[in-house]
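Down below is the structure, laid out as structure tokens.
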Amino acid sequence: MHNISYHAPCKLSDAVSLLLELEGSRILAGGTDLIAKWKKSHFFDMTLVDIRNIPELSVIEEVEEGLFIGAGVTMDRVSEDERILSKFPILAEAASKVGSVQVRNLATIGGNACNAAPSADTVLPLMVYGAEAVIAAKEGERRVALREFFIGPGKTVLKKGDVLKGFVIPNPPANSFAYFVKHSRRPGMDLATVGVAVLLVLESEKTADIKVILGAVGPTPIFVKGLDIFFGGKIDPDFVTRIAEHCANAASPITDVRGSKTYREAMIKRSVALCFRNHTR
Amino acid sequence: MQHKELCFKVNGREQHLLVRTNWTLAQVLREQLGLLGTKIGCGEGECGACTVLMNGKSVTSCLVMAVQAEGAEIITIEGLAEGETLHPVQEAFVEAGAIQCGYCTPGMVISTVALLEKHPTPNDEQIREGLTGNLCRCTGYQKIFEAVNIASKKMAGGEKE
């Protein structure tokens, strides 16, 4: 108990090797989830590979398809970066609603995904924008759509020796609009009771494409399927009620300290409706 | 028990220490450097009593392992005053009576310094937002918000002189 062995490699390849060599090793990024968990779980022994010295993990850069955001980029940077604010505004918005100022100064966008909490705020916009996770491994790099990244609470497709390098987010289509709602018990320092991200593409006032991601209402963030029945529609009150109902049916919320199953179902409907009403406002 | 050498700057002074790898920054500041102004409240990053500036950004030092501070510049509550002269934010907290038991005060003051760096004349919403991560169980926050406004005026005045 209480033992920590600490490594802070400067190269991504060294991080991968260390993770493969050292039994039970894990990645330390911002530490806001891991260190808190370590303290709450009686200071279990840890072998840590700190990734903060690896330069390519903390870059934000424009790439051919859109934007690359390194896994080690902190939430405060995500919420303030001009490129993210102009192209992916709800990602900046979600990052600005994580924890507190102090948490956002430490917590990373990669850590938010790898921790794989169903309530992870930044995961919803990343998924709705169609982001891919770029994963470094001994065999080389691979990409996984973020929609296929999560397996269960705290579980992802990452294997031993994998390092999440960052996300590539494709540029959103023309005439698209994005909305985000974090419904929590209080505005700051709380996890989402229900989270919703919506991406809406319009063609001459009618819906051409709709994507909805729900957070904190299932074992993983939920990509709502079957929304094509709403394509070609006009966003009127009846449309909003029907799509909110459809989304609530796609979720499988549980009862916990943040809200009951019934409350969450009601709040999914309310939050989804809010996204579409914000558009028509 | 594993140890590691740590080189960092605390309140402007270079420090070379041998630290335990399982100690947090808050523990090293308090136990090894004797900087007892930094308080440990919840120990889980919720209450903000342990807030310090790390490379100019406010962080909860109970969630930072000491070894992560390698090469960093840390400012604690002890590093704000210049000799006997208090920092304008400290002065403002005294003037407003924004201190009751005092346990949250060092963290509140550090968060206020960070807030005013970003928003020199914050509105009420920005003050609430900037102090989200600092809990106070005595004051009801009103005096603290007043102190932030007083500090903002003091610092704006200071720049004109």
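Sequence lines set the chain letters: A, B, ... in the order given, protein chains first and strands last, and positions in each chain run from 1.
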Legend entry - Beyond-backbone contact of B:Asn134 with A:Gln102, side-chain heavy atoms, under 4.5 angstrom: yes
Inset, instruction - Side chain from CB out, backbone as N, CA, C, O: work out which of these in A:Ser96 comes under 4.5 Å of a heavy atom of chain B, or both, or neither. - result: backbone
Inset, instruction - Among the options A:Arg186, A:Arg52, A:Arg104, pick out the one with the most heavy-atom pairs lying under 4.5 Å from chain B. - result: A:Arg52
Inset, instruction - Determine which residues belonging to residues 34-71 of chain B lie within contact range of chain A, meaning some heavy atom pair is under 4.5 Å apart, and list them by number or answer 'none'. - result: B:Gly43, B:Glu44, B:Gly45, B:Glu46, B:Gly48, B:Thr51, B:Lys57, B:Ser58, B:Val59, B:Thr60, B:Cys62, B:Leu63, B:Val64, B:Met65, B:Val67, B:Gln68, B:Glu70
Inset, instruction - Please say whether more than 12 non-hydrogen atoms of neighbouring residues, nucleotides or ligands are located less than 6.0 Å from NZ in A:Lys87. - result: yes
Inset, instruction - Answer yes or no: are there more than 12 heavy-atom neighbours, outside A:Lys160 itself, under 6.0 Å from its atom NZ? - result: yes
Inset, instruction - Residue by residue, scan residues 31-40 of chain A and write down, ordered by number, those that have a heavy-atom distance under 4.5 Å to chain B; if none do, write 'none'. - result: A:Gly31, A:Thr32, A:Ile35, A:Ala36, A:Trp38, A:Lys39, A:Lys40
Legend entry - Residue B:Glu95 excluded, over 12 heavy atoms near CD under 6.0 Å: yes
Inset, instruction - Check A:Ser100 against B:Gly133 and note the closest heavy-atom contact, atom names and distance. - result: CB-CA, 3.4 Å
Legend entry - Whether B:Thr21 side chain and A:Ile4 backbone form a donor-acceptor pair below 3.5 Å: yes
Inset, instruction - Check each atom of A:Asp76 against the heavy atoms of chain B and say whether the ones under 4.5 Å are side chain, backbone, both or neither. - result: side chain
